[in-house]
2 protein chains.
Amino acid sequence: MSRVRQTVTLTADLVILTIRNGTLCVLVVERGNEPFAGHLALPGGFLRGDESLDETAARELAEETGMRAEGLHLRQVGVYSAPDRDPRSPRVVTCAYLAIAPDLPLPAAGSDARSAHWLPVVEVQRMGLAFDHDRILSDALELARAELQFRTIATAFCGEEFTIAELRKVYEVIWGVKLDKSNFHRKVTDADGFIVPTGGKRPTGNGRPAALYRAGEATTLSPPMMMPRSSDV
Amino acid sequence: MSRVRQTVTLTADLVILTIRNGTLCVLVVERGNEPFAGHLALPGGFLRGDESLDETAARELAEETGMRAEGLHLRQVGVYSAPDRDPRSPRVVTCAYLAIAPDLPLPAAGSDARSAHWLPVVEVQRMGLAFDHDRILSDALELARAELQFRTIATAFCGEEFTIAELRKVYEVIWGVKLDKSNFHRKVTDADGFIVPTGGKRPTGNGRPAALYRAGEATTLSPPMMMPRSSDV
DNA sequence: AAAATAGTGTCTATCAGACACTATTTG
DNA sequence: CAAATAGTGTCTGATAGACACTATTTT
């Protein structure tokens with residue numbers, strides 16, 4: 001029996017990241033059903049007969065956050081298929097997706113009869129998640145760190161309009177480093193199609209108001225924004 | 001029916017790359033069974049009940065090439081789950097893997113009752129593959145190009161011992177560029193744990209014999225070997 | 001004016017690319 | 001010696017990081 005092909009059910013699980021109050025947060029749900037009822041887990045859902053897993057992920061993302069998935073950063077992290085990762089039968093295999101959201105209010109709780117919350121990533125890692133979702137979360141974070149270097153996804157954490165300081169904060173929070181203000185400014189304004197000035201300004205309370213930008217057309221970042229190498233050493 | 005969770009069968013498909021006579025080649029099989037009987041396709045196999053997809057991929061790799069998968073570069077490319085990608089029922093979803101092999105003789109043909117061949121990638125792309133394997137192949141190639149920059153996988157294309165010229169040829173073939181001999185030499189010898197001199201020399205027919213190296217301990221390449229940016233411009 | 005934040009200019013160490021040069025082999 | 005390939009040295013332009021400086025706002 002172990003040597004024959006097996007039928008499984010497929011889920012798409014989502015690691016939806018955002019930045020709130022300068023802290024990297026992830027959307028987690030409290031599970032209502034077994035297995036792991038009452039435990040925290042990543043949001044996700046089952047593949048339907050008429051859709052691909054990418055479509056499953058986009059549908060779940062829309063249900064959980066109200067975001068339209070079109071033009072949104074939604075990227076496969078990997079497949080998690082250990083035979084014992086989920087006690088259910090038929091066996092459940094999942095494909096994890098990374099999504100990035102601006103700091104949005106969540107739709108009314110209970111839209112999916114589950115309670116969804118933004119929680120700081122560090123706190124989630126301390127508490128632990130159901131299934132193999134701890135591993136999925138850390139893999140997704142690693143992917144996000146790498147993608148920041150080569151793709152223009154950092155703007156997805158910001159609203160429609162943002163300042164360069166806000167964009168810099170994205171890099172600092174996800175990479176866990178402090179970046180030089182001047183050098184960052186130079187690099188993002190030089191990068192081709194990364195950000196476009198809107199002409200507007202945003203008063204910041206104290207100090208000179210910052211110029212506003214919106215995301216440019218480019219999806220890849222050239223030249224790349226390399227993560228400081230001091231951490232490897 | 002389309003709105004309920006669906007059971008599927010899972011396969012792991014392999015994009016196994018090697019370099020033969022200075023040409024990038026991929027292992028393809030001629031399908032013996034429907035669907036697509038007689039067509040070329042990527043090797044692959046069904047998930048069994050006692051294994052993960054990573055293990056399925058490693059098992060198939062061993063069956064097709066005779067390589068032991070331990071310590072071998074085997075990396076998920078992505079999941080391909082379009083509802084119409086395979087006409088069979090129950091629906092077939094695949095996870096593609098990238099593997100890299102030195103220039104090995106294949107095990108006796110017909111080990112899996114299928115004929116496996118190394119074919120140049122460009123020729124395979126011209127002829128076309130079954131299912132969505134054309135797309136999988138091009139995604140795997142893109143991944144291989146990117147991984148060459150940051151991981152020490154180039155040595156996996158070479159035998160146990162290799163010269164720096166052979167290693168350079170790997171980069172040149174996969175990136176499709178010509179690299180400067182001196183600068184390449186400097187970069188690979190400076191990179192930490194990338195290659196280790198064995199002390200041996202290999203006569204190349206004509207000319208000064210080249211020093212031999214073996215793969216070092218490092219898996220990530222620091223500093224990275226950046227692909228020349230001229231191609232983007 | 002002081003404080004605070006945005007943004008610019010400039011110096012320097014480092015590194016990639018170009019390329020001339022030396023070294024060691026075969027014929 | 002000529003040819004061929006391996007390997008070294010050096011110059012230069014581009015870029016990242018450090019940091020001093022200017023600009024514009026609120027209190």
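Each chain gets a letter, A, B and so on, in the order its sequence line appears, and its residues count up from 1.
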Check: A:Glu147/A:His73 side-chain N/O donor and acceptor closer than 3.5 Å | yes
Donor-acceptor pair between A:Asp13 and A:Thr94 side chains, under 3.5 angstrom =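 On atom types as modelled, these side chains qualify, holding a pair under 3.5 Å.
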Interatomic distance where [atom1] belongs to [X] and [atom2] belongs to [N] [whole Å]:
X        : N      : atom1 : atom2 : answer
A:His185 : D:dA23 : NE2   : P     : 15 Å
B:Asn183 : C:dT14 : CG    : C1'   : 14 Å
A:Gln149 : D:dT15 : CD    : P     : 17 Å
A:Phe184 : D:dT15 : CZ    : C1'   : 17 Å
B:Lys178 : C:dA18 : NZ    : P     : 12 Å
B:Asp192 : C:dC15 : CG    : C1'   : 16 Å
A:Arg202 : C:dA4  : CZ    : P     : 21 Å
A:Ile195 : C:dA6  : CD1   : P     : 14 Å

Residue pair B:Pro102 / B:Cys158: nearest heavy atoms and the distance that separates them = CB-O, 3.4 Å
Take A:Lys181 and B:Gly207, find for each the nucleotide of DNA chain C with the closest heavy atom, and name the residue whose nucleotide sits nearer the 5' end.
-> A:Lys181
Which residue lies toward the 5' end of DNA chain C, B:Lys201 or B:Met226, if each is placed at its nearest nucleotide?
-> B:Met226
For the residue pair A:Trp175 and A:Tyr171, does the interplanar ring angle fall in the parallel (under 30°), tilted (30 to 60°) or perpendicular (over 60°) class?
->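 The arrangement is perpendicular - the two ring planes meet at more than 60°.
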5' precedence on DNA chain D between B:Arg208 and B:Arg186 (nearest-nucleotide basis) = B:Arg208
Look at all strands and tell whether A:Ser182 reaches a base, only sugar-phosphate, or nothing, counting heavy atoms closer than 4.0 Å.
-> base
Would you mind classifying the nucleic acid contact of B:Lys187 as base, sugar-phosphate or nothing, using non-hydrogen atoms under 4.0 angstrom?
->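 It contacts sugar-phosphate atoms only.
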Any ion pair linking B:Glu172 and B:Arg168 (charged N to carboxylate O, less than 4.0 Å)?
-> yes
Name the closest nucleotide to the A:Asn206 side chain, picking from C:dG7, C:dC19, C:dA4.
->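 The answer is C:dA4.
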